[in-house]
Amino acid sequence: MFNNFYLGIAEGALETAAAYTRENTRAWPFGGEHKQRGVEEFYVLEGYGELASKLWADAALIDQIDHEISEILHAPREQLTERARGEVAVRIAAGKLRIIEDGLEVATKIFELTGARASANKVGLDIYWRNLRTHSLHDPVPYKKHEVGMYVLVNEIPQPTWYS
């Protein structure tokens with residue numbers, strides 16, 4: 001659930017910033033190429049392309065994890081072993097760390113792509129970073145990295161917790 005929640009925040013940030021860029025972002029006047037709009041700037045196009053591709057990859061990973069969870073939930077009860085639960089928990093942790101890190105990158109980099117005027121409170125882009133950061137602090141990324149690392153290096157599954 002949290003992976004999809006975090007993904008939605010990041011997608012909302014990118015969508016809102018893209019709409020702002022299309023309507024309001026001006027080209028840098030000293031770039032020497034006399035562009036009229038921000039959407040003509042190479043770095044703006046490159047930035048949105050990079051951020052979108054990260055979120056699309058995160059969405060694919062999260063969808064795959066959701067599929068794995070569904071298979072476990074719909075399998076006969078005796079197939080749910082400690083190992084199966086632990087392995088899906090590791091995948092959930094991997095999804096969390098990816099979407100949190102990529103989502104925070106999106107929610108930060110959008111300010112570079114939208115321009116200084118977009119940092120005004122009335123535009124509201126700051127809410128995405130704040131929401132993602134606040135919610136993700138309840139389940140710290142370093143612990144997700146640790147769980148994934150323990151699984152990869154020593155084949156150890158995480159202990160069940162409220163967050164796994």
Side-chain angles (χ1 to χ4, degrees), residues 1-72 87-120 123-153 158 163-164:
M1 178 185 84
F2 281 107
N3 284 347
N4 286 293
F5 178 66
Y6 300 150
L7 178 62
I9 293 171
E11 289 173 338
L14 191 63
E15 182 179 317
T16 303
Y20 182 92
T21 298
R22 283 189 290 273
E23 298 297 320
N24 300 297
T25 301
R26 298 180 291 197
W28 178 244
F30 307 109
E33 297 172 350
H34 308 291
K35 294 176 179 163
Q36 300 300 309
R37 301 174 53 218
V39 297
E40 298 170 350
E41 291 281 7
F42 180 83
Y43 79 93
V44 172
L45 296 167
E46 178 185 44
Y48 277 102
E50 179 182 10
L51 297 178
S53 67
K54 287 182 179 188
L55 292 186
W56 293 338
D58 293 340
L61 174 61
I62 291 167
D63 285 347
Q64 178 59 38
I65 294 165
D66 290 348
H67 177 73
E68 293 168 19
I69 293 168
S70 182
E71 283 184 345
I72 286 175
E87 288 177 350
V88 79
V90 167
R91 299 277 291 155
I92 293 167
K96 280 183 183 178
L97 75 92
R98 281 286 23 101
I99 188 52
I100 290 169
E101 288 188 348
D102 291 344
L104 289 172
E105 180 183 353
V106 166
T108 301
K109 190 163 183 156
I110 58 176
F111 291 101
E112 294 174 31
L113 304 174
T114 54
R117 293 180 301 153
S119 65
V123 176
L125 290 177
D126 58 314
I127 194 74
Y128 298 101
W129 182 90
R130 188 170 47 255
N131 283 347
L132 184 53
R133 178 76 286 175
T134 300
H135 286 282
S136 66
L137 289 174
H138 294 288
D139 192 12
V141 170
Y143 286 94
K144 303 297 114 190
K145 291 178 181 179
H146 179 265
E147 289 176 3
V148 174
M150 288 296 290
Y151 178 76
V152 170
L153 291 177
Y163 293 97
S164 64

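Excluded from the calculations below are hydrogen atoms, water molecules and symmetry mates; all remaining heavy atoms, backbone and side chain alike, are included.
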Does any non-hydrogen side-chain atom of Thr21 lie less than 4.5 Å from one of Tyr48?
yes
So the salt bridge (charged side-chain N to carboxylate O under 4.0 Å, His left out) pairs with at least one residue in residues 1-11 (sequence neighbours excluded) are none
The side chain to side chain contact (heavy atoms under 4.5 Å, CB included) partners of Ala57 (sequence neighbours excluded) come to none
The side chain to side chain contact (heavy atoms under 4.5 Å, CB included) partners of Glu112 (sequence neighbours excluded) come to Lys109
Arg91 meets the salt bridge (charged side-chain N to carboxylate O under 4.0 Å, His left out) criterion, sequence neighbours left out, with Glu68
Those residues at least two apart in sequence (or on a different chain) that pass side chain to side chain contact (heavy atoms under 4.5 Å, CB included) with Val141 are Leu97, Ile100, Glu101, Lys145
Output for pair (Leu61 CG, Ile99 CD1), nearest 0.5 Å, gives 9.5 Å
Quick note, salt bridge (charged side-chain N to carboxylate O under 4.0 Å, His left out) partners involving residues 57-66, not counting sequence neighbours, are none
Here the pair of heavy atoms bringing Gly95 nearest to Asn3 is C-OD1, 3.7 Å
Rounded to the nearest 0.5 angstrom, the CG-CG distance for Leu51 and Leu14 is 6.0 Å
Sorted by chain and residue number, the side chain to side chain donor-acceptor pair (under 3.5 Å) partners of Glu71 (sequence neighbours excluded) come out as His67
Rounded to the nearest 0.5 angstrom, the CG-CG distance for Leu137 and Leu132 is 9.0 Å
The salt bridge (charged side-chain N to carboxylate O under 4.0 Å, His left out) partners of Arg130 (sequence neighbours excluded) come to Asp126
If only atom types and distance count, is the side chain of Ser136 paired as donor or acceptor with the main-chain N or O of Arg133 below 3.5 Å? yes
Closest heavy-atom pair, Gly103 versus Ala10, reported as atoms and distance to 0.1 Å, is CA-CB, 3.7 Å
Interatomic distance, CZ@Arg22 vs CZ@Arg37, rounded to 0.5 Å, equals 9.5 Å
Return a table of donor-acceptor pairs under 3.5 angstrom between the side chains of residues 23-34 and protein atoms on other chains or two or more places apart.
{"from": "Thr25", "atom 1": "OG1", "to": "Thr114", "atom 2": "O", "distance (Å)": "2.8"}
{"from": "Glu33", "atom 1": "OE1", "to": "Lys35", "atom 2": "NZ", "distance (Å)": "2.6"}

Take a 6.0 Å sphere around CD of Glu15 and say whether it holds more than 12 heavy atoms from other residues, nucleotides or ligands. no
- Query: Quick one: are Val123 and Tyr20 in side-chain contact, heavy atoms under 4.5 Å?
  - Reply: yes
Residues passing the ring pair (Phe, Tyr, Trp, His ring centres under 6.0 Å) test with Tyr143, sequence neighbours excluded, are none
Closest non-hydrogen contact found for Tyr128 with Thr16 is OH-OG1, 2.7 Å
Here the pair of heavy atoms bringing Glu147 nearest to Val90 is O-CG2, 4.3 Å
When rounded to the nearest 0.5 Å, the distance separating CG of Leu113 from CD1 of Ile110 is 8.5 Å
Asn131 meets the side chain to side chain donor-acceptor pair (under 3.5 Å) criterion, sequence neighbours left out, with none
Here the gap from Phe2 atom CZ to His135 atom NE2, rounded to the nearest 0.5 Å, amounts to 8.0 Å
With sequence neighbours left out, the residues meeting side chain to side chain contact (heavy atoms under 4.5 Å, CB included) with Leu45 are none
